[in-house]
Amino acid sequence: MKFGVMYEKAKELDCKYIATGHYAKTEYSEKYGRWVLKKSNAGSKDQSYVLWNIPKELLQYIVFPLADFANKEEIRKIARENKLDVANKPDSEDICFIPDGNYKKFLENNSNLKPKSGNIVNSSGEVLGRHTGLYNYTIGQRKGLGISYKVPLFVLGFNKEKNEVIVGEEKELYKKEIEVSDINLLLVDEIKEEIEVEVKTRYSAKSAKAKIREEEGKIKVVFDEPQRAITPGQSAVFYVGDIVFGGGKICYNSQL
């Protein structure tokens with residue numbers, strides 16, 4: 001939404017381009033005959049992962065001035081040289097409009113979401129304990145479950161209909177296949193056959209080799225090696241080299 005709205009406003013102001021401070025890059029690819037979204041030179045700070053949903057027709061009108069900077073210190077140096085007050089401003093992390101980092105409190109104060117206790121069960125349905133509300137837990141979480149068991153347990157997922165937190169051993173966290181919906185393809189207009197790509201399933205994750213194919217309006221992802229703690233609702237972003245092929249949302253029905 002942000003880029004579409006920004007570009008419409010830019011046209012109203014008779015501006016040809018819009019620019020943001022994301023670490024990413026756009027350029028015209030002779031090989032693919034189109035404008036492409038690419039990784040920046042910022043390494044772990046690259047933000048191409050969060051930009052997969054940009055409408056492909058806008059790529060030629062978007063400028064990322066930070067594309068070729070390797071780190072934030074280079075930017076701060078320029079700011080200090082120009083006596084800008086933001087030169088030493090701390091990096092923003094997570095959700096900037098929740099400054100204290102208390103997401104649970106924010107949700108409770110700004111929605112009708114209230115904690116509702118329920119059962120903690122294993123993948124066989126055995127009740128192991130009680131939880132304090134589904135939104136208090138994340139997939140892969142080990143600490144704070146409040147249950148004791150013969151082996152360490154981790155959150156595997158949720159059954160929202162039964163209000164259950166599902167837990168299991170660490171080996172159960174690994175998945176080799178997922179489905180992806182709400183797809184936005186940037187490098188091609190459609191997937192006609194199985195394609196080899198690299199996939200990131202969260203911003204901080206390393207990309208993993210996989211094959212993708214389209215099945216009934218969704219993308220089926222089959223990893224070369226099982227991946228840990230894949231979370232439905234997160235973005236799965238596909239790369240060919242340093243170019244963003246496209247992306248989508250990990251489906252909830254792929255959870256268990």
Side-chain angles (χ1 to χ4, degrees), residues 1 49-50 52-53 92-184 199-206 208 210 215-223 225-237 247-256:
M1 180 185 72
Y49 170 83
V50 301
W52 63 269
N53 209 23
S92 60
E93 297 181 2
D94 297 320
I95 303 177
C96 58
F97 57 81
I98 307 179
D100 62 357
N102 192 331
Y103 309 123
K104 300 168 189 176
K105 182 179 178 181
F106 178 85
L107 288 170
E108 291 169 1
N109 292 340
N110 293 275
S111 73
N112 59 4
L113 187 64
K114 301 301 177 187
K116 181 181 178 182
S117 64
N119 289 330
I120 298 177
V121 302
N122 61 20
S123 50
S124 299
E126 179 186 0
V127 177
L128 303 179
R130 299 283 290 176
H131 67 74
T132 59
L134 297 183
Y135 64 90
N136 288 317
Y137 302 83
T138 58
I139 291 177
Q141 177 180 336
R142 176 183 175 185
K143 296 181 179 180
L145 299 181
I147 53 178
S148 59
Y149 200 65
K150 56 187 177 183
V151 295
L153 294 176
F154 300 80
V155 175
L156 302 179
F158 311 93
N159 186 323
K160 292 189 291 183
E161 288 71 27
K162 294 184 177 180
N163 190 34
E164 293 176 338
V165 173
I166 304 166
V167 298
E169 297 180 43
E170 185 172 19
K171 64 183 179 182
E172 296 178 80
L173 277 173
Y174 287 83
K175 299 173 70 66
K176 186 155 180 156
E177 299 183 5
I178 59 172
E179 287 185 334
V180 177
S181 61
D182 301 321
I183 301 158
N184 186 46
V199 183
K200 288 187 69 169
T201 54
R202 63 183 65 208
Y203 176 72
S204 59
K206 291 183 178 180
E215 292 186 353
E216 299 178 351
K218 297 178 182 178
I219 289 179
K220 180 72 169 287
V221 181
V222 181
F223 293 98
E225 299 292 337
Q227 301 298 302
R228 187 182 188 278
I230 294 176
T231 303
Q234 290 270 24
S235 297
V237 181
K249 295 294 185 181
I250 301 169
C251 296
Y252 280 86
N253 62 8
S254 65
Q255 184 50 43
L256 289 173

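Side-chain atoms are counted along with the backbone in the values below, which use heavy atoms only and exclude waters and symmetry mates. In what follows, residues are counted from 1 in the order of the sequence shown.
In this structure Asn53 satisfies the side-chain hydrogen bond (donor to acceptor under 3.5 Å, both in side chains) test with no other residue, sequence neighbours excluded. Remark: Phe106 engages Phe97 in a ring-ring contact (aromatic ring centres under 6.0 Å, His included) (not counting sequence neighbours). When the side-chain hydrogen bond (donor to acceptor under 3.5 Å, both in side chains) test is applied to Asn159, no partner is found at least two apart in sequence or on another chain. Arg130 is linked by a side-chain hydrogen bond (donor to acceptor under 3.5 Å, both in side chains) to Ser117, Asn119, counting only residues two or more places apart in sequence or in another chain. Taking Lys220 as the reference, Glu177, Glu179, Arg213, Glu215, Val222 meet the side chain to side chain contact (heavy atoms under 4.5 Å, CB included) condition, with sequence neighbours excluded. With sequence neighbours excluded, no residue forms a side-chain hydrogen bond (donor to acceptor under 3.5 Å, both in side chains) with Gln234. The side chain to side chain contact (heavy atoms under 4.5 Å, CB included) search around Glu169 returns Val151, Lys171, Glu172, not counting sequence neighbours.
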Between Val167 and Val121, does the side chain to side chain contact (heavy atoms under 4.5 Å, CB included) criterion hold? Intermediate values first, please.
CA-CA 6 Å; Val167 298; Val121 302; over 6 Å; no
Is there a side chain to side chain contact (heavy atoms under 4.5 Å, CB included) between Phe154 and Arg228 once you walk through the steps?
CA-CA 11 Å; Phe154 300 80; Arg228 187 182 188 278; 3.6 Å; yes
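Going from atom CG of Asn163 over to atom CG of Leu134 covers 4.5 Å, rounded to the nearest 0.5 Å. Between Phe158 atom CZ and Ile120 atom CD1 the span is 10.5 Å, to the nearest 0.5 Å. In this structure, Leu173 CG and Leu156 CG are separated by 5.5 Å, a value rounded to the nearest 0.5 Å. To the nearest 0.5 angstrom, Lys249 atom NZ is 12.0 Å from Thr231 atom OG1. Here CG of Leu113 is found 5.0 Å from OH of Tyr135. Values are rounded to the nearest 0.5 Å. Rounded to the nearest 0.5 angstrom, Ile178 CD1 and Lys218 NZ are separated by 12.0 Å.
Nearest heavy-atom pair across Ala210 and Val199 is CB-CG2, 3.8 Å. Across all their heavy atoms, Ile250 and Ala236 have their closest contact at CG1-CB, 3.9 Å. The two residues Pro232 and Cys251 come nearest to each other via the heavy atoms CB-O, 3.6 Å. Closest approach of Thr132 to Tyr137, counting heavy atoms only: N-OH, 3.1 Å. The two residues Arg202 and Ala229 come nearest to each other via the heavy atoms NH2-O, 2.5 Å.
The shortest distance between side-chain heavy atoms of Val50 and Val237 does not fall below 4.5 Å. Two residues are said to be in side-chain contact when any heavy atoms from C-beta on lie closer than 4.5 Å; His131 and Asn136 fail this criterion.
Within the structure, no pair that satisfies the salt bridge (charged side-chain N to carboxylate O under 4.0 Å, His left out) test touches residues 103-128, not counting sequence neighbours.
In terms of modelled atom types and a separation under 3.5 Å, the side chain of Tyr49 and the main chain of Ser235 share a donor-acceptor contact.
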Side-chain polar contacts of residues 140-150 - donor-acceptor pairs under 3.5 angstrom, sequence neighbours left out - could you list them?
| residue | atom | partner | partner atom | Å |
| --- | --- | --- | --- | --- |
| Gln141 | OE1 | Thr138 | N | 3.1 |
| Gln141 | NE2 | Lys143 | O | 2.9 |

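Figure legend: cation-pi geometry between Lys200 and Tyr203, with NZ or CZ positioned under 6.0 Å from the six-membered ring centre and within 45° of its axis.
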